[in-house]
Chemist: 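Structure in structure tokens, see below.
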There are 2 protein chains.
Amino acid sequence: MASCLAERLGELIDLSANERASLDRLAQRERLLRRGAVLLRERDPLGELFVVQRGTLMSYVILPDGSRQILRFLFRGDAIAMAGLVYRSSPETVIALTECAVAPLERAAVAALAVEHPRLSALLIAIDQMERVALTDRLAGLGRTSAKARVAALLIELRNRMRSIDRQIDGTFSPGLTQEEMGDATGLTAVHVNRMLRQLQDEGLIARDGGRFTLLDQPALARTAYHIDRTAGLDLSWLPAPR
Amino acid sequence: MASCLAERLGELIDLSANERASLDRLAQRERLLRRGAVLLRERDPLGELFVVQRGTLMSYVILPDGSRQILRFLFRGDAIAMAGLVYRSSPETVIALTECAVAPLERAAVAALAVEHPRLSALLIAIDQMERVALTDRLAGLGRTSAKARVAALLIELRNRMRSIDRQIDGTFSPGLTQEEMGDATGLTAVHVNRMLRQLQDEGLIARDGGRFTLLDQPALARTAYHIDRTAGLDLSWLPAPR
DNA sequence: CGAAATCTTGATGCTCATCAAAAGTGGTGG
DNA sequence: CCACCACTTTTGATGAGCATCAAGATTTCG
């Protein structure tokens with residue numbers, strides 16, 4: 001029953017026993033979701049926050065003209081509804097893409113964590129910065145790259161994130177998304193996503209089999225996606241001492 | 001010599017004298033930049049963080065094909081290079097749009113702040129969430145809205161941010177941007193920005209005079225921009241007690 | 001096994017990019 | 001103070017990229 005929070009933070013720094021215990025205490029309950037279940041709806045009041053324990057979810061917004069923009073995919077260890085730390089109502093809808101388990105946690109518990117574990121709250125600030133940079137990378141992709149580059153970037157991102165929670169995964173993986181969903185993530189139509197996938201396939205960059213994708217030529221794929229690897233070059237040496 | 005950090009945070013909560021003193025101590029030096037000066041270049045090593053004291057800056061990335069995506073505009077009280085809390089090198093270039101003053105601060109000072117003032121570090125997490133939501137709003141705009149909507153959204157955002165630091169400003173303001181820059185912020189060409197501005201003007205939504213813009217019909221402009229007002233509905237009641 | 005969802009491909013059209021050129025603006029130095 | 005130059009704005013003409021519409025093929029799921 002170790003919290004996925006401890007797991008996620010533990011990848012970045014060595015947690016003290018004390019810190020680990022506090023994190024585990026933070027997320028003790030668990031809520032199960034079946035595929036397609038809505039965890040939060042846009043404008044819903046935000047009572048609690050969540051951490052993904054198992055499974056995959058996504059969040060999106062619906063614009064006034066009915067179109068959908070998928071904002072992020074949520075994997076084990078990701079925080080959901082952190083916006084609840086500021087806003088009373090949810091800015092986005094969150095639904096389960098697979099069977100899921102999420103651990104609810106109280107805002108007051110986050111406050112208590114900040115008081116008891118300054119290093120962890122500093123680390124949360126740092127993690128926010130990583131997510132901010134990931135978002136700006138996507139922003140640049142949507143604003144300034146072609147449909148093919150965006151689809152390639154989506155595949156690379158999904159593979160990397162799935163790999164980060166399952167080291168088995170390498171070139172071959174099953175995103176578990178429809179082409180419509182890929183389109184809503186990349187700002188394209190499902191039809192055009194299909195054509196771009198075909199093109200990537202015809203160029204020998206990827207292979208497809210049912211829902212399974214294989215990244216055949218990862219360097220070339222990264223180039224067409226204008227992908228930037230941010231995993232190297234982390235520096236958390238400035239964090240205060242643990243408690 | 002009051003730090004703009006204290007000013008910014010003070011808009012969200014009532015700071016204790018203690019907190020205010022710590023924030024002022026954080027940013028004591030000041031560095032002046034003239035118009036067009038580069039504060040940080042992409043891939044530069046990130047030594048220190050900055051807070052904008054006076055003036056306006058912007059940050060952007062250049063993609064391999066040479067195109068530019070402007071990521072954010074930085075106003076008084078905004079933090080620069082917070083990515084330095086995680087990455088060794090800057091993910092973005094930051095340049096001054098006007099004469100500017102920025103206050104450098106050490107990463108270690110942020111760590112110290114987390115230890116001494118848990119409420120402030122929790123507040124920094126909350127502010128990160130506000131910026132995350134602002135980024136996802138822009139993401140949805142780039143992914144799913146028309147050129148006209150994006151230009152309208154940019155004008156509204158610039159007006160709101162300039163107004164938040166100068167209450168004098170209402171409908172009329174000078175963004176101080178070229179149409180090329182507006183295009184690089186919205187993922188469009190300068191030529192098309194020009195056409196969209198003309199269209200907004202012909203429809204009576206805005207007026208222009210040199211570099212000055214006037215938002216003539218703000219409700220209609222907000223509708224064409226699919227703008228969401230997030231200023232209402234803040235809730236920071238969960239923050240821990242001040243020190 | 002049947003119905004609904006998803007994938008695939010073709011045909012057509014709109015939005016925005018590109019190319020080009022003229023008019024306006026501001027800054028600089030003689 | 002004016003002339004000049006670089007930059008910006010504006011508008012037109014043309015074209016590319018992606019959306020839309022449509023229909024058949026395949027997969028998924030109850």
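Residue numbers start from 1 in every chain, and the chains themselves are labelled A, B, ... in the order their sequence lines are given, proteins ahead of strands. Quick note: numbers below take in every heavy atom, side chains included, and nothing from hydrogens, waters or symmetry partners.
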Chemist: I'd like to check R54(B) versus R76(B) (side-chain heavy atoms, cut-off strictly below 4.5 Å). Are they in contact?
Modeler: yes
Chemist: Please report how far the helix from dC1(C)-dG30(D) to dG30(C)-dC1(D) bends, comparing the axis fitted to its first five pairs with the axis fitted to its last five, to the nearest 10 degrees.
Modeler: 50°
Chemist: Nearest whole angstrom, please: distance from the C1' of dT10(D) to the CD of Q179(B).
Modeler: 8 Å
Chemist: Atom CD of E180(B) and atom P of dA6(D): how far apart are they, to the nearest Å?
Modeler: 17 Å
Chemist: For dT8(C), take OP1 and OP2 only and decide whether either is under 4.0 Å from a side-chain N or O of R198(A).
Modeler: no
Chemist: Could you tell me whether the phosphate oxygens of dT10(D), OP1 or OP2, come under 4.0 Å of any side-chain nitrogen or oxygen in R208(B)?
Modeler: yes
Chemist: For R198(B), is there an ion pair with D202(B) - N to carboxylate O distance below 4.0 angstrom?
Modeler: yes
Chemist: By the definition side chain to side chain donor-acceptor pair (under 3.5 Å), identify the one residue from T56(B), D78(B), D166(B) that meets it with R161(B).
Modeler: D78(B)
Chemist: Would you call E92(B) and R72(B) a salt bridge, taking side-chain N to carboxylate O under 4.0 Å as the test?
Modeler: no
Chemist: With heavy-atom distances below 4.5 Å as the criterion, would you say the side chains of L33(A) and L57(A) are in contact?
Modeler: yes
Chemist: Grab the CG-P distance between D184(B) and dT8(D) for me, whole Å please.
Modeler: 11 Å
Chemist: List the atom of R68(B), the atom of R144(A), and the distance in Å for their closest heavy-atom pair.
Modeler: O-NE, 2.9 Å
Chemist: If you define the side chain from C-beta out and look only at heavy atoms, does anything of L9(B) sit under 4.5 Å from I127(B)?
Modeler: yes
Chemist: All N/O contacts under 3.5 Å from nucleotides 16-20 of chain D to the protein, with atom names and distances to one decimal?
Modeler:
from: dC18(D); atom 1: OP1; to: A147(A); atom 2: N; distance (Å): 2.9
from: dA19(D); atom 1: OP1; to: T189(A); atom 2: N; distance (Å): 3.2
from: dA19(D); atom 1: OP2; to: T189(A); atom 2: N; distance (Å): 3.4
from: dA19(D); atom 1: OP2; to: T189(A); atom 2: OG1; distance (Å): 3.0
from: dT20(D); atom 1: O4; to: R195(A); atom 2: NH2; distance (Å): 3.3

Chemist: Nearest heavy-atom pair of L158(B) and F173(B): which atoms, and what distance?
Modeler: CB-CE1, 4.0 Å
Chemist: Quick check on dT10(D): is either OP1 or OP2 less than 4.0 Å from any side-chain nitrogen or oxygen of N194(B)?
Modeler: yes
Chemist: What's the CG-P distance between D209(A) and dT26(D), to the nearest Å?
Modeler: 15 Å
Chemist: To the closest 0.5 Å, what do you measure between CG (L155(A)) and CZ (F213(A))?
Modeler: 5.5 Å
Chemist: Output one line per pair: protein atom, nucleotide atom from nucleotides 28-30 of chain D, and distance, for all N/O pairs under 3.5 Å.
Modeler:
none

Chemist: Taking CD from Q201(A) and P from dT8(C), how many angstroms apart are they, rounded to a whole number?
Modeler: 8 Å
Chemist: Where do R150(A) and T186(A) come nearest, in terms of heavy atoms and distance?
Modeler: NH1-O, 2.9 Å
Chemist: Can you find a heavy atom in the side chain of Y87(B) that is under 4.5 Å from one in the side chain of L234(A)?
Modeler: yes
